[in-house]
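First the structure, in the form of structure tokens, and then the observations on it.
Below, each value reflects all heavy atoms present in this structure, side chains not excepted, and no hydrogens, waters or symmetry copies. Proteins come first, then strands; the chains are lettered A, B, ... in the order of their sequence lines, and each starts at number 1.
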Number of protein chains: 2
Amino acid sequence: MVSRVVFGRGSFDQLQDILAPKRLNVKAPFIFLVDDVFKGDSWITSRIPLAYKDQILYISANEEPTTAQVDELVDQIILNHNDGPSGIIGIGGGSLMDLAKAVSIMLNNKGGAKDYQGWDLVKSAAVYHVGIPTISGTGAEVSRTTVLTGPDKKLGINSDYTPFDQVILDPELTRDVPRDQWFYTGMDCYIHCIESLNGTYLNAFSESYGEKAYELCKNIFVDDKLSDEEAQDQLMMASWHGGMSIAYSQVGVAHAMSYGLSYLLGTKHGIGNCIVFDHLEDYYPEGVQLFKKMKQKHNIVLPKGICADLSDEQFDVMIKVALSLEPLWENAIGKNWKNVITYDKLKALYQKM
Amino acid sequence: MVSRVVFGRGSFDQLQDILAPKRLNVKAPFIFLVDDVFKGDSWITSRIPLAYKDQILYISANEEPTTAQVDELVDQIILNHNDGPSGIIGIGGGSLMDLAKAVSIMLNNKGGAKDYQGWDLVKSAAVYHVGIPTISGTGAEVSRTTVLTGPDKKLGINSDYTPFDQVILDPELTRDVPRDQWFYTGMDCYIHCIESLNGTYLNAFSESYGEKAYELCKNIFVDDKLSDEEAQDQLMMASWHGGMSIAYSQVGVAHAMSYGLSYLLGTKHGIGNCIVFDHLEDYYPEGVQLFKKMKQKHNIVLPKGICADLSDEQFDVMIKVALSLEPLWENAIGKNWKNVITYDKLKALYQKM
């Protein structure tokens, strides 16, 4: 779990005080991995406390993070600095959170990031790392995974060393998120709740977090009676609780199939989940019904026909990636999931998208 | 915050696997501080994994923990073992949780425990420490404080080093809690929610945790439709969420006045809170109304007249301890609390108890 958290509007300004005691020496820099949408946005960038050899690396989140990207960032940091970093600070959405977590692990572990995709493969503790989310919903700020697309698979580095040492939850930082992105990423949280609360891995721990996140999502996306500030505050907490819920259970059908889409087509995680979930009424009937209502209420039009022109080979790749995520299927369907979820069933579902 | 948590019925059996990698060497023992109600209870004690120089210390929780008791335990551990401990494991209710946290801090910090009562006075990281609650409600398993009665005051050691490194939440361990104790300690959680949700320090973080804990308390103590196992599971989660809620806000009137009772009369925290809260309808009208309903439903009869024979000097001590807890009053009443809460008002309230 995350060791330390501060919460509050404007808490981003505490970053300097939080980092100061963690500086190893003047040559050991803090490296800030920042979503490049903030390049030139002085409201954010002027508040990043740079000193000595500290460095900002602006990174596009247009593509899902890859293992190769992590390895390149690690090489770049090692080449440009004589001393290892004092810390890695991720500022952005889920992609930036995951990159910060992965880079901080790979600075202290040999080989390439792809070698650690899986469960509990990391040997050495990560470099001190801080997460500052600027979009709410992914739960990446609280999870023990960092989801990466590798040469063979899309799979997280799941380990006890993955969670951030420090998180700053400042809901004000989410004020400029575009409306579509707000919805897609918020729905990532909503889908976490549905998959966790309807899964066979559910327990009282996951349930209490999942129920709270679900209730907050309904306040925000269905009831819609909150001020902008309240909605920002509550969505940041929903993301947190939703992340805690799946950390102690697992996601399900939407995530397994969305990973397939993303691996083959590069579909971003938030919108990919939405495209898949829209067709899962057989698996999550109430959850999908409410999703359609929220989609309508917020005038969201999802892309259609993204699988229309795919070849059989392409379907094959996508279905194999989805089916490889065994814990997700077991959570969703139960131990006998292989009797229920067939190759052809998934192909028929993908063909609708 | 707590770094690692496992949750689940029977998860107590994971203790050996959790501790093994934390053993510093064969001479550095794990010290188990265990509530002495479990002495001879092989269902618990046979599952405590002892090896090499490991030791169980049985401790009575009949009295609230004191700074002197912490100092004695630390001396005893240092005298009996050539090497410092690999870890301190607390097994019991709030008293044992607080003792385990305080001992692990004082093993690595000079002077006496009373020197650290306050906020952020601890200099060095604590010895590795694990909390295993066997009663639910105090939130001590998750909090960054350890409440101790010292020579001058009842006040916690509040620090970033206080929280457990590992918590094991096994609801099965609470199955034999006596009915009265179950109610009093459960009400500690309920009162945390009321004080947090009605406080001026409230924010979206505390609110989401407090609301969830409040809802779980209502399931358990008002609606009362759960199986025994469900009720145990949910109360353990309520305690956790209630603890998180106050960690990011503060408690209020009931806790301030209950600390006074406890300092002067040694009243245990759970029942002390109940005795005070029963008279706080002016401050928490709805919360007290529901409390009275729960008290009646569960046939709880609180002691009366515990302040009947006190001298003016004794009232003075009690009121001064209560008034010294400034953050609690500020949370409850606001910045101008000194205009509202007078010495005489507190005396009149205490005289009713």
Side-chain angles (χ1 to χ4, degrees), chain A residues 1-11 18 21 125 136 142 144 159-161 163-172 201-217 219-220 226-227 229-242 244-245 247-249, chain B residues 1-11 18 21 125 136 142 144 159-161 163-172 201-217 219-220 226-227 229-242 244-245 247-249:
Chain A
M1 279 175 48
V2 173
S3 316
R4 298 191 185 183
V5 190
V6 297
F7 175 90
R9 306 188 78 78
S11 59
I18 287 169
S136 297
V142 75
R144 76 186 283 280
S159 85
D160 284 340
Y161 301 119
F164 287 110
D165 298 295
Q166 169 83 55
V167 168
I168 298 177
L169 296 178
D170 181 349
E172 202 176 45
Y201 291 4
L202 191 66
N203 56 64
F205 192 95
S206 298
E207 190 172 21
S208 67
Y209 277 102
E211 284 176 348
K212 189 68 210 177
Y214 178 77
E215 185 193 316
L216 292 168
C217 284
N219 289 350
I220 299 155
L226 305 172
S227 70
E229 294 200 352
E230 285 169 339
Q232 289 159 11
D233 289 5
Q234 292 197 16
L235 189 52
M236 194 157 261
M237 286 314 301
S239 177
W240 179 264
H241 292 313
M244 283 298 287
S245 183
Y248 283 76
S249 64
Chain B
M1 278 176 47
V2 173
S3 315
R4 296 189 187 185
V5 190
V6 297
F7 175 90
R9 306 187 79 79
S11 60
I18 287 169
S136 297
V142 73
R144 76 186 285 279
S159 85
D160 284 340
Y161 301 117
F164 287 110
D165 298 295
Q166 170 83 54
V167 168
I168 297 178
L169 297 178
D170 182 349
E172 203 176 44
Y201 290 4
L202 191 65
N203 55 64
F205 192 96
S206 299
E207 190 172 21
S208 67
Y209 277 101
E211 284 176 348
K212 187 70 211 175
Y214 178 78
E215 185 194 316
L216 292 167
C217 285
N219 289 350
I220 299 155
L226 304 172
S227 70
E229 294 200 351
E230 286 170 339
Q232 289 159 11
D233 288 6
Q234 291 197 16
L235 189 53
M236 195 157 261
M237 286 314 301
S239 177
W240 179 265
H241 292 314
M244 283 297 288
S245 183
Y248 284 75
S249 63

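- The line from NE2 of His241(A) to NE2 of His241(B) is 7.5 Å long, rounded to the nearest 0.5 Å.
- Ring-plane geometry between Tyr209(B) and Tyr209(A) is classed as perpendicular, the angle between the planes exceeding 60 degrees on a 0 to 90 degree scale with a lower cut at 30.
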Legend entry - Glu211(B) vs Glu215(A), side chain to side chain contact (heavy atoms under 4.5 Å, CB included): CA-CA, chis, key distance, verdict: CA-CA 11 Å; Glu211(B) 284 176 348; Glu215(A) 185 193 316; 4.1 Å; yes

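- Aromatic ring pairs are classed by plane angle as parallel below 30°, tilted from 30° to 60° and perpendicular above 60°; the pair Phe7(B) and Phe205(A) is tilted.
- In this structure, chain B has heavy atoms under 4.5 Å from both the backbone and the side chain of Asp160(A).
- Pairing each heavy atom of Met1(B) with each of Val5(A), the nearest pair is SD-CG2, 3.2 Å.
- Checked options Gln234(B), Met236(B), Lys212(B); the residue passing with Ser208(A) is Lys212(B) (criterion: side chain to side chain contact (heavy atoms under 4.5 Å, CB included)).
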